[in-house]
Every structure is written in structure tokens, then in C-alpha cells.
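Note that this is a predicted model, so its numbers are computed, not measured. Each ligand, and each atom within it, is numbered from 1 in the order the structure gives.
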Amino acid sequence: MKFTSVLSLAVALCVVSANAAPVTTPTHVASKAVVKPAATTHTTTTVAKPKTTTVAKPKTTTVAKPKTTTVAATKPKTTTTTKAVTPTATPKPKDPCSELAAQGKTADSILQFNTVRDCYGAQTFKQDVANKTLASLESLIGNFYVFVDQAMVPTGAPFKTPAVDLMAGLKKIRATKWKNDYDFNMALTYLTFSANDGHLAYRSDCYHTATFAQPISLYAPVVDGVQSVRVFYADDTQKGVPKTGLTDCVVNTIDGVPALKAVQDFTDRTSAISKDPGVRLNDAFASTSWYNEWLISPGGFSRRWEVPKKSSMQYTIQCAAGKAQNLTVPWIVTPSDNFEFNTFTNTKTYWNVQCLQPLSPFDNTGGKNNGQISGNNDIKQRTNEVPATTLFRERGTIKLPSGGKNGRGNGPQTITKAKEVLLTATTAFYQITGSKTCVAVIASEEAAYFKFDATDYMDFIKGLQQLRDGGCQKLILDMTNNGGGSVDFAYFINALFFPKDKPYFVEDLRSNSYVQGAAKVAIKQATARSVFDARGYNSATTLKPFKDASMFSKGVNVKRGGKTDTYSQKNYFDFGWPFLPLAKNNTLPWKPTDMAIVTNGFCGSACTMIATRFNIVHKVKTYAVGGIQKSALSYFSFPGGFVMDNDSIVADIKQLNYKAKNGPTKFVARSTANVPVGEIYATENSTIPLEYDTKYFAANVHLDQDSVSARHPDNIWVKIAADFK
Ligand SMILES: *[C@@H]1O[C@H](CO)[C@@H](O)[C@H](O)[C@H]1NC(C)=O
Ligand SMILES: *[C@@H]1O[C@H](CO)[C@@H](O)[C@H](O)[C@H]1NC(C)=O
Ligand SMILES: *[C@@H]1O[C@H](CO)[C@@H](O)[C@H](O)[C@H]1NC(C)=O
Ligand SMILES: *[C@@H]1O[C@H](CO)[C@@H](O)[C@H](O)[C@H]1NC(C)=O
Ligand SMILES: *[C@H]1O[C@@H](CO)[C@H](O)[C@@H](O)[C@@H]1NC(C)=O
């Protein structure tokens with residue numbers, strides 16, 4: 001039975017690896033180090049950079065042309081001099097990728113907007129590469145995407161998400177004659193994003209070598225009963241930003257469109273984080289949350305990876321009673337972590353270096369996605385997060401000019417109304433000043449549990465016990481901007497607070513003929529090593545691990561979106577922790593009525609498994625902050641189930657040596673796809689997967705964002721504390 005707990009650990013990372021199933025080996029130590037949120041990994045890489053925009057300008061002219069004129073000029077006067085100066089030679093059109101190579105020398109380089117745009121656009125559409133990319137995606141989505149049918153059912157108000165037929169969308173993309181490879185790849189990205197599932201994404205690394213930043217970040221507080229887009233922070237050292245102090249000024253229009261609409265339209269197309277437009281709106285705006293330290297995220301509207309339409313953005317801004325002003329603010333373009341410095345020299349070599357898949361399967365691109373496939377029994381756990389989290393983290397953070405660590409050390413204090421009790425890898429524990437209400441700020445479920453090292457788990461218990469021993473009678477769980485992590489850690493938190501109840505979520509997978517074939521092969525292996533091996537799951541009916549392939553082979557036909565498809569029998573991941581339940585003299589004091597949950601709707605994946613269990617089953621009150629005024633707001637997003645990436649699926653099928661037609665293939669171009677393979681249900685009797693079970697989405701209380709709380713989340717805690725009976 002123990003291998004299953006290892007499997008759940010893999011799932012845990014919200015990524016199931018083909019190689020992740022076998023029994024405990026010392027390699028775990030290595031992977032653990034990766035799993036922990038290392039202090040440096042997720043903070044600013046991109047943000048700290050933009051200093052001087054003016055530097056960039058002069059380059060273009062000096063670099064490109066040096067031949068004709070300079071040579072003539074340096075020569076001492078000769079008879080020919082006078083004639084030689086006349087510019088007869090028409091300059092050849094420049095290769096935009098050559099220019100990009102010249103501009104991008106280090107992470108601090110400033111790139112020209114047009115250069116990046118034109119280098120991307122210069123990559124021609126390649127039918128053979130496109131065909132292979134499409135075949136890979138058709139296999140991933142067609143065979144494994146668990147919501148492929150459900151996505152064809154639109155969800156109703158207020159959490160409206162349009163129906164998406166992904167397979168038809170792929171077909172249409174296949175039939176389209178694309179202007180260039182960039183447009184083709186972006187079409188695939190936006191198709192996957194249109195499902196508004198934070199677990200589902202296709203992204204090309206080729207067109208992700210630059211980051212586009214606006215020095216003005218926005219939010220939408222409600223002031224005097226009116227919601228408007230306002231400036232959260234403006235970096236007035238940057239071009240186009242006046243020194244007059246724009247903070248909290250109202251933004252009336254952006255590029256001529258009413259600001260709130262401009263942001264909503266943008267985020268509806270590019271965020272994909274939630275079925276709830278209010279959560280997508282939050283995702284576009286600046287927000288303050290804890291992850292090792294208090295951080296300000298700039299939001300998706302002002303920090304982008306896709307090429308914006310124009311090189312600058314135009315705002316009309318109204319500060320207090322002053323005159324409205326028009327601002328034209330250029331995008332600050334810098335190399336991203338994917339930029340391979342000093343490698344490519346022109347459009348062709350850009351393609352080879354930045355776009356083509358490296359030859360060795362052990363090579364990987366950004367370093368962030370750990371795609372290595374190791375030997376058979378060697379478990380190299382993958383650590384790539386769910387795409388919604390990746391997108392969020394890529395945006396980096398806003399560093400306020402006063403420096404410091406924003407809330408700790410010498411920086412401006414984020415938290416002023418609560419005292420820090422304990423900081424752990426996953427969670428910050430606070431006691432509100434002069435109050436018996438405490439707060440556990442759970443940043444993520446990126447925790448690892450090994451028999452010989454359960455630190456992340458024990459630290460979580462320790463934090464709660466310290467709050468208890470400090471006299472905390474009420475407890476708020478703040479799970480703002482929590483993109484998930486370990487399913488096992490979520491189960492553990494459920495078991496810790498509610499020791500008498502089932503901590504797990506019932507789930508299923510697709511079980512079409514392709515998957516059934518894989519399951520048949522998998523069950524013959526000595527140990528469960530494949531996601532399609534039923535022995536890796538407990539039956540939801542017998543509560544025991546499956547011993548044969550019946551979980552897949554005796555599947556259940558389900559009609560969704562007008563289609564009938566076969567799904568596996570209901571199951572769940574095994575669990576078990578030797579330190580639970582807590583000793584009788586050492587239990588936690590909080591009943592459901594003593595607790596509350598607060599999020600900004602970005603509580604996804606494993607975070608959902610805590611938040612919805614607390615609320616739906618145990619009736620813990622939920623609060624959601626921000627979103628659209630006077631409209632219900634979800635307190636969670638993308639529950640999915642569990643997600644696999646292109647490499648994991650390909651490796652899983654490969655190690656099974658399963659050769660049925662239309663199986664997953666490695667991408668030929670550098671890209672990453674993530675596909676949720678399992679789907680959870682709110683309760684064991686639910687028929688609609690939680691991802692689409694909109695009756696559960698709305699928080700009990702929707703709190704508007706305000707200008708103080710947006711910068712100091714402890715103000716929200718104080719409000720909620722006052723709400724306890
Ligand atoms: C790409 O696929 C289409 C069918 O979808 C086929 O007609 C075409 O020949 C293929 N082209 C290449 C270059 O593989
Ligand atoms: C701002 O620009 C718009 C059009 O771009 C124009 O209609 C408007 O009058 C300008 N406002 C100010 C205050 O300059
Ligand atoms: C709980 O009881 C055990 C003995 O059963 C004892 O060793 C331990 O110190 C007690 N813990 C607390 C917190 O009182
Ligand atoms: C689910 O249905 C079974 C059988 O009808 C019932 O015994 C059980 O209590 C139900 N569970 C929930 C959570 O409603
Ligand atoms: C898809 O998976 C990711 C994550 O494991 C890898 O980093 C990528 O290299 C991989 N893409 C391809 C083309 O294999």
C-alpha cells in the first residue's frame with residue numbers, strides 16, 4: 001500500500017510523473033530541496049531591472065550600419081573623400097533577430113519593442129512543425145484532458161464561461177493558413193486559455209524571450225461606493241510617467257476604452273485562471289500577498305509575455321479634482337529567463353536556438369520546468385507548477401522605491417495590525433494585535449513529506465499550536481494568491497482540522513480506449529509506475545487499492561456536452577500520516593464557526609481542496625476580496641484534479657512501451673503543455689466535477705477591495721475578526 005503514498009506525493013506537486021510511482025529511495029532528498037519554495041526562486045527577476053529606458057535608443061543606428069560611412073571618415077583625406085560621402089547605397093532591410101541579439105546581452109538589457117515584435121514575426125510558418133505540434137496537442141487533449149467534453153457546456157451566470165470545443169478549435173487552427181509561426185502558436189495558446197482552466201495551457205517558449213512591463217500598475221478599489229480603475233503604483237523614474245504622484249488617481253480610459261472594460265477584455269482573453277470573470281479581473285491587477293515575504297504582484301495587465309498591440313499604452317488619468325491628463329507610456333521590454341544570450345545572430349539561428357527543441361532530452365529550457373527523464377527507478381520529481389501559478393510568478397513583483405523587503409526588515413510595513421508568530425515554508429502565522437483572532441497565511445501547498453523528513457508538515461502543526469497556546473480563539477486562513485502544490489498536504493490539513501472526517505477528494509480520469517489500452521499494459525508491470533495503473537488508486541467504493549485494471553476497464557459512461565465518453569471508476573489517492581491524529585491532550589481548539597477563509601479567488605488546485613472542504617462540508621465561512629462590485633465572487637478557482645505536462649505523459653506511455661495509434665509525442669518545437677488528467681468532485685455523490693459545479697463557487701461574503709487593504713491585507717483580517725460571533 002505504501003507505493004500509493006508516493007504516488008500521491010507526485011500528484012502532490014500537481015504534476016504526475018511517469019517515474020514518480022516507485023518506492024521510497026534516497027533520491028527524494030534531492031527532490032525535496034527543489035519542492036520547497038526557495039527564497040530566491042519566485043521573487044523578482046524581471047522587475048528589478050527596468051532602470052533607464054533612455055539607454056536603449058542610440059544603439060540601433062550605430063550598430064547596424066558601420067561600413068560605408070565610418071571607413072571613409074577615418075581615412076585621412078584623399079582625393080576621393082568628397083564623393084565617397086554621398087549616400088548612394090540603399091541600406092539592406094535589417095534582420096530583426098540580429099538586432100535583438102545585439103540588444104539583448106544580459107538580463108539587464110533594454111530591448112526595443114519593434115525589434116522583439118519583428119523578430120517573433122519573422123519566424124515563418126512551418127507546415128511540418130505545425131503538423132507535429134498539432135498532432136501532439138490533439139493527443140494530449142483528445143486522449144487525456146479530463147474536461148474536454150464538459151468544456152462544451154457553457155456555465156451560467158454569474159460565473160459565465162463560454163462553451164469551448166477544443167478539438168474543433170484545433171481542427172480550425174489546422175485548416176488555417178498562418179501568416180507566421182508566432183500567430184500559429186498564439187492561436188494555440190489562446191485556444192487552451194479559452195477554457196478558463198488554470199491547469200490547462202499550451203505555451204511556446206520561442207515567443208517568450210522578452211517581458212513587457214508598464215511602469216504603472218493598476219487595481220480597482222471601491223471608493224465611496226464606486227468601483228474604478230486606479231493607479232496602484234507608478235514608477236516615476238520611467239518614461240511617460242510624470243513626477244506629480246499618480247498613486248490612487250483614477251484611470252478613465254486606456255487606449256480610448258473605458259478602463260475597467262479595457263482590463264476585463266484583456267484578462268478574459270489572457271488570464272485563464274478562473275471561470276469567474278471577477279477572479280480574472282483580480283488576476284489583471286496588482287495584489288499583495290505573502291510568499292516567503294510580503295510581495296506586491298504587478299498583475300497581468302501591466303506585466304505581459306505576449307506582444308502588446310502597440311509600443312506604448314495611452315491612459316487618461318484624473319487625479320483628485322485636477323484636470324484629466326493624457327499619458328503615453330511606453331512598454332519597458334527586457335529579456336526574460338528564456339533569453340539565450342550570445343547564441344543566436346539572426347532570424348534563422350534564433351529559430352534554431354530559441355524555438356527548436358534541443359536534441360538531448362536531458363536538456364531543458366528555462367530551468368524552471370524540470371523536464372528531465374531519468375532512469376527507470378530513479379525518481380526525479382518534476383517541479384513545474386500549474387500554468388496559472390507559472391504565469392503569476394513570471395510577472396515578478398513590484399519593488400517600492402523605499403526598498404527593503406516590503407514588510408520585513410527596513411522596508412515599508414505591510415502588516416501593522418498583527419504580530420508575526422512563526423514563519424514556515426508554506427505558511428506565516430500571525431496574531432492580530434490586541435485580539436484573540438489569529439491568522440494562518442497559507443501561501444502554497446508546496447510541501448513535501450518523507451518518512452525521514454516531515455518538516456513542512458510538522459511546521460504547519462507547530463504554527464497552529466503556537467497560535468492556540470497564545471490564546472487564539474478564532475482562526476482566519478488567508479489563502480490569497482495560493483496556486484496549490486501537494487494534494488497530500490491539502491488532505492493533511494483537512495485531516496488535521498477535521499480528524500473524524502474523510503480528508504480526500506473523490507476523482508476520476510478519462511478511460512477511453514486509448515487509456516484502457518495503457519491501463520492493461522500498466523497492470524502487468526511489477527509495481528505501479530504509471531498514472532494509468534489502477535493500483536495507484538484506492539476505490540471510492542471499497543476504500544481499498546485496486547488490484548486489477550477494473551478501475552479503467554470497467555469504466556462508467558458519462559454524457560457531457562452532447563457526447564458520451566467513458567470515465568474511470570471513482571477513486572482517490574491513498575494517504576496516511578503517523579503524526580495524526582494529534583494526541584488527545586494536544587488537539588486544535590477551533591470549531592468551524594471559529595474559523596474563516598479569505599482569498600482573492602486565486603486559490604487553485606490543492607488550495608481548492610482545503611477551502612472547499614472547509615466550506616462545503618464543514619460550513620466554514622468564506623470571504624472573497626476584490627472582483628467586480630455587486631457581483632458574486634468565487635473564493636476558489638481551477639480545482640481540476642491533477643495535472644500532467646507533455647513530458648510526463650510522453651514518458652509515462654513510453655516506459656509502458658505502449659504503441660497504440662495517436663499516442664502522445666514529444667513536441668518538436670520548444671513548448672510546454674499542461675493538461676489536467678484527473679477531476680475531483682465536491683462530494684462523493686456529486687455528478688458535475690467541481691471545476692464546473694458553479695453552485696459552490698461564490699464566497700459567503702464578497703468584500704470590495706479598498707485602497708488601504710489592497711496594500712495591507714491585515715485590514716481585511718481585522719474586518720473578518722469583527723465578524724465572528
Ligand atoms: C500537414 O498535414 C496536412 C493534413 O492535415 C497534410 O495535408 C499536409 O501534407 C501536411 N504537411 C506537411 C508538411 O507535413
Ligand atoms: C486625450 O486624448 C484624446 C484622444 O487621444 C483627446 O480626445 C482628449 O481631448 C485628450 N485629453 C486631454 C486632456 O488632453
Ligand atoms: C500529552 O501527554 C503525553 C503523555 O501521554 C505527554 O508526554 C505530553 O507531554 C503531553 N503533551 C502536552 C502538550 O501536554
Ligand atoms: C452519498 O450517497 C450515499 C448513498 O445514497 C449516502 O449513503 C451518502 O451519505 C451520500 N453522501 C453524501 C456526502 O451526501
Ligand atoms: C514539455 O514539458 C516541459 C516540462 O516538463 C519541458 O520543460 C519541455 O521541454 C517539454 N517540451 C518538449 C518540447 O518536450
Item to complete: Classify the ring geometry between Y572 and Y504 as parallel (under 30°), tilted (30 to 60°) or perpendicular (over 60°).
Response: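 It falls in the parallel class, under 30°.
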
Worksheet item: According to the interplanar angle, ranging from 0 to 90°, do the rings of F344 and F339 count as parallel (below 30°), tilted (30 to 60°) or perpendicular (above 60°)?
Response: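 Rings of F344 and F339: tilted, 30 to 60°.
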
Discussion item. List the residues meeting side-chain contact (heavy atoms from CB on, under 4.5 Å) with T124, not counting sequence neighbours, and say none if there are none.
Written reply: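 Here the qualifying residues are K126.
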
Worksheet entry | Heavy-atom nearest option to atom 2 (O) of ligand 5, drawn from N646, I649, D205, L356 |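 The residue whose heavy atom sits nearest atom 2 (O) of ligand 5 is N646.
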
Worksheet entry | Per-atom contacts of ligand 5 with D645, taking only distances under 4.0 Å to non-hydrogen atoms |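 Within the 4.0 Å cut-off of D645, ligand 5 contributes 2 (O), 4 (C), 5 (O).
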
Worksheet item: Which ligand 5 atoms are under 4.0 Å away from a heavy-atom of A669?
Response: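 Within the 4.0 Å cut-off of A669, ligand 5 contributes 13 (C).
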
Fill in: Under 4.0 Å from ligand 1, counting heavy atoms only: the protein residues, by chain and number
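Under the 4.0 Å cut-off, ligand 1 touches Q127, D128, N131, R174.
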
Item to complete: Could you list the residues that satisfy salt bridge (Lys or Arg N to Asp or Glu O under 4.0 Å) with R560, not counting sequence neighbours?
Response: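 Partners of R560 under the salt bridge (Lys or Arg N to Asp or Glu O under 4.0 Å) test: E679.
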
Worksheet item: Does the side chain of N482 pick up a donor-acceptor pair with the side chain of E445 at under 3.5 Å?
Response: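 Yes, a side-chain donor-acceptor pair sits under 3.5 Å.
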
Practice prompt. Determine, stepwise, if the pair Y537 / F546 fulfils ring pair (Phe, Tyr, Trp, His ring centres under 6.0 Å).
Written response: CA-CA 6 Å; Y537 304 85; F546 284 97; 7.7 Å; no

Worksheet item: Checking ring-ring contact (aromatic ring centres under 6.0 Å, His included) against Y207, which of W305, Y182, W351 comes through?
Response: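 With Y207 as partner, W305, Y182, W351 yield a single ring-ring contact (aromatic ring centres under 6.0 Å, His included), made by Y182.
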
Discussion item. Can you confirm, on distance only, whether ligand 5 has an N/O atom lying under 3.5 Å from any N/O atom belonging to T672?
Written reply: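 The answer is no, given that T672 and ligand 5 share no N or O pair closer than 3.5 Å.
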
Discussion item. Regarding ligand 5, does S671 bring an N or O atom to under 3.5 Å of one of the ligand's N or O atoms?
Written reply: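 Yes, there is a polar N/O contact under 3.5 Å.
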
Show the atom names and distances, to 0.1 Å, of all donor-acceptor pairs under 3.5 Å that link a side chain in residues 135-145 to residues at least two apart or in another chain.
{"from": "S136", "atom 1": "OG", "to": "K132", "atom 2": "O", "distance (Å)": "3.1"}
{"from": "S136", "atom 1": "OG", "to": "T665", "atom 2": "O", "distance (Å)": "3.3"}
{"from": "S136", "atom 1": "OG", "to": "T665", "atom 2": "OG1", "distance (Å)": "2.9"}
{"from": "E138", "atom 1": "OE1", "to": "R174", "atom 2": "NH2", "distance (Å)": "3.0"}
{"from": "E138", "atom 1": "OE2", "to": "R174", "atom 2": "NE", "distance (Å)": "3.3"}
{"from": "S139", "atom 1": "OG", "to": "N143", "atom 2": "ND2", "distance (Å)": "3.1"}
{"from": "S139", "atom 1": "OG", "to": "N662", "atom 2": "O", "distance (Å)": "3.0"}
{"from": "S139", "atom 1": "OG", "to": "G663", "atom 2": "O", "distance (Å)": "3.3"}
{"from": "N143", "atom 1": "ND2", "to": "S139", "atom 2": "O", "distance (Å)": "3.4"}
{"from": "N143", "atom 1": "ND2", "to": "N662", "atom 2": "O", "distance (Å)": "2.9"}
{"from": "Y145", "atom 1": "OH", "to": "D197", "atom 2": "OD2", "distance (Å)": "2.8"}

Discussion item. So for S648, does at least one of its heavy atoms come nearer than 4.0 angstrom to any atom of ligand 5?
Written reply: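 Outside the 4.0 Å threshold, so no.
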
Item to complete: May I ask you to check if R670 and F667 form a cation-pi contact, with NZ or CZ under 6.0 angstrom from the six-membered ring centre and within 45° of the axis?
Response: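 The answer is no; the distance or angle limit is not met.
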
